[in-house]
Amino acid sequence: MPAPFRIYNTASRTVEAFKPITPGHVGIYVCGMTVYDRCHMGHARAMVVFDGFVRYLRFRGWSVNFVRNFTDIDDKIIARAAETGEDPVALAARFIDAFHEDAEALGLIRPDAEPKVSDSIDGIQALISGLVEKKHAYVNAGTVWFDVKSLPAYGKLSGQKVDELQSPDVVPGKKHPADFALWKAVKPGEVSWESPWGPGRPGWHIECSAMAIGCIGDTLDIHGGGLDLVFPHHENEVAQSEAHTHKPFANYWMHNGMLTMASGQKMGKSLGNVWNVQNALKEFPAEAIRLYYLGALYRSPLPWGEDALPEAMGGLCRLYDAREVAEAMSGKGNPTAVAQDLGEDAKRVLSLSAAFEDNFLGALDEDFNTAKAMAYVFELVRAINRFSNHKKAKKRGGPVVAGALAALDLVSAALGVLSMDVESYQEEVKNKRCCAMGLTRESVEEQISERTQARADKDWAKSDTIRDALDAAGVVLMDCTEGTSWRLRICDTQ
RNA sequence: GGCGACGUAGGCAAGUGGUAAGCCAGAGGUUUGCAAAACCUCCAUCCACCGGUUCGAAUCCGGUCGUCGCCUCCA
């Protein structure tokens, strides 16, 4: 049996116990991107949050049908294509490829289905036909509008009252300002499909209803997306879907919070201050980006700034360093007996390891609280490091830290953080930071070997000169018994 | 104007009735050829403000102020 969990439901504004439609199974639909540009850090938060959530569900024993769509027909795409002179469908296809590139680089699991609007026209038209037949939609000059007044429950997800909305636009052909297009009549030069109402293309919201119902069923267990989609996008999805099926569209609505800028405002394309994922990945490891997102509760706003990724990477390095230390420990024997012999710090590692799984997963079970869950990881890491200071830890501590290493593996399995081997991680960090800081690994390593010789000669003056020079360039050296290792300073403290 | 969320140390961020997790930064110490890393100690008598409920509230209720999101495309 899968483990029970609780989750915040936007529809009720409370944390609720999750009840599946089918025992042991979760059908989850997440709104993906409108593909007319590169994936930015705000999108990435949604992607990483739901990626982590699905991993967690599966780790907890749920069978998950994870669907994330692409909106590849849309006003924005058509507008962008007109600017570049490109075919809109080709432009969308290009950005779908780019998204997959970014998704893979971020370590995202592939959804079970990634439906596209352009492949879902039949289902969309069937849904619109149903709404027209049921008198929830009306046709005007080749455009089909959803009639919000035909559905008294309209507004229940977002708490909006249809007559109290600001309605600046007066669009001809609509009966009510809040009515929205299900099917848009073709304009000259636009891509279009034949339909019972004439040539045209789907409106923005109908595709998600059609794809979600097509891939999962009339009722979804969970519908996810960014908080900015609650109104009107998700509200409209609810309206069209329920008007057609007469069944609840989604049992739980799960929304991730926005990335906010220093000013407090969200990161958004319209605000112009957007960092794209591709560039961030050139300078920082993918897992640092994941940890940055997963270090906060998914539905809180998350401040974005220059320090965000450097700090997250610093934390991640701390975790990997501890794992390296633990992996280097050897020895045999019964963990309890060895710990008894090695003292209080060893016993603490053992007790924290033993409690770890319950604590860590317990935090995730309560509204996917990754911030709290990660705090347990850092607590365990400190215990490992403290224990590692003991003289006998390296030769005899293996059995003591075995459980802690298993705990770190659990983090990787459940959240996709800490999933690399230590060496690969360190390589990735060095390569990316060297690139970001304009250094080459060859020159750094050459100077280090020069210094190593100086140290062997006990020429401390020369040794220190080299170290200071490297330090000025951002390279920090660490001398230990196995030799000198190095890393790049993460934050400019100057 | 309507709907909603939030305000916890220098920065970030958990905690939703029982006496403030964790990360970063800072100070002192252990360690080190010197460093770095790591570890130890310190760093919010207090959780925007004002009332109220309670044996007890950051946590519940009411009010005030402030910030943000949505109502137009948005993860």
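Computed over heavy atoms, backbone and side chain alike; hydrogens, waters and symmetry mates excluded. Residue numbering restarts at 1 for every chain, and letters A, B, ... go by the order of the sequence lines. As the structure is a prediction and not an experimental result, all values here were calculated from the model.
- Among the atoms of the strands shown, none is found under 4.0 Å from any heavy atom of A:G315.
- B:C60 and B:U53: their C1' atoms are spaced 8 Å apart (whole Å).
- With both ends at atom C1', the span from B:A20 to B:A58 equals 8 Å, rounded to whole Å.
- Which of B:A36, B:G22, B:A14 sits closest to the side chain of A:F378 comes down to B:G22.
- Rounded to whole Å, the distance from CG on A:L297 to C1' on B:C23 is 16 Å.
- No option in A:W275, A:W304, A:F284 other than A:W304 meets the ring pair (Phe, Tyr, Trp, His ring centres under 6.0 Å) test with A:Y292.
- In this structure, A:V476 reaches the sugar-phosphate backbone alone: every heavy-atom distance under 4.0 Å involves primed, P, OP1 or OP2 atoms, never a base.
- Pair assignment for B:C65: B:G7, on the basis of Watson-Crick or G-U wobble contacts that are both within less than 3.5 Å.
- Pairing of B:U19, defined by two Watson-Crick or G-U wobble distances under 3.5 Å, is not identified with any nucleotide.
- In this structure, A:R323 is not positioned above the aromatic face of A:Y425 in the sense of NZ or CZ being under 6.0 Å from the six-membered ring centre and within 45° of the axis.
- Relative orientation of the A:Y56 and A:F368 rings is tilted, given thresholds of 30° and 60° on the angle between their planes.
- In this model, the phosphate group of B:C40 is approached by a side-chain N or O of A:R386 to a distance below 4.0 Å at OP1 or OP2.
- Here the separation of B:A13 from B:A9, taken at their P atoms, is 11 Å to the nearest Å.
- A:W253 and A:H223 have parallel rings, their planes meeting at less than 30° on a 0 to 90° scale where 60° marks the start of perpendicular.
- Contact check, A:R318 against B:C23: a side-chain N or O comes under 4.0 Å of OP1 or OP2.
- Side-chain proximity of A:P303 to the nucleotides B:A75, B:C12, B:C71 is greatest for B:C12.
- Considering only the side chain of A:H43, B:A75 comes nearest among B:C70, B:A21, B:A75.
- Contact check, A:R382 against B:A38: no side-chain N or O comes under 4.0 Å of OP1 or OP2.
- Side-chain proximity of A:A375 to B:C71, B:A21, B:A75: nearest is B:A21.
- The side chain of A:Q160 approaches B:C3 more closely than any other nucleotide in the set B:A75, B:G33, B:C3.
- Pair assignment for B:U54: none, as no Watson-Crick or G-U wobble contacts are both less than 3.5 Å.
- Remark: the separation of the P atoms in B:G51 and B:A57 is 14 Å, to the nearest Å.
- B:G2 and B:U45 are spaced 38 Å apart, taking the P atom of each and rounding to whole Å.
- Across B:G11 and B:C47, the matching P atoms stand 16 Å from one another, rounded to whole Å.
- The distance between atom CZ of A:R290 and atom P of B:C23, rounded to the nearest whole Å, is 22 Å.
- Tested against A:H205, the residues A:W145, A:F180, A:F146 include a single ring pair (Phe, Tyr, Trp, His ring centres under 6.0 Å) partner, A:F180.
- A gap of 15 Å separates the P atoms of B:C40 and B:A21, to the nearest Å.
- For B:A13, the OP1/OP2 oxygens have no side-chain nitrogen or oxygen of A:N369 closer than 4.0 Å.
- Counting heavy-atom neighbours within 6.0 Å of A:Q278 CD, excluding the residue itself, gives a total above 12.
- For the pair A:S300 and B:A14, the criterion of a side-chain N or O lying under 4.0 Å from OP1 or OP2 is met.
- Going from the P atom of B:C23 to that of B:G63 covers 39 Å, rounded to whole Å.
- Contacts of A:G305 with the nucleic acid, taken as non-hydrogen atoms under 4.0 Å apart, are absent.
- Under the stacking criterion of a centre-to-centre distance below 5.5 angstrom and an interplanar angle below 30°, A:W460 sits stacked against the six-membered ring of B:G33.
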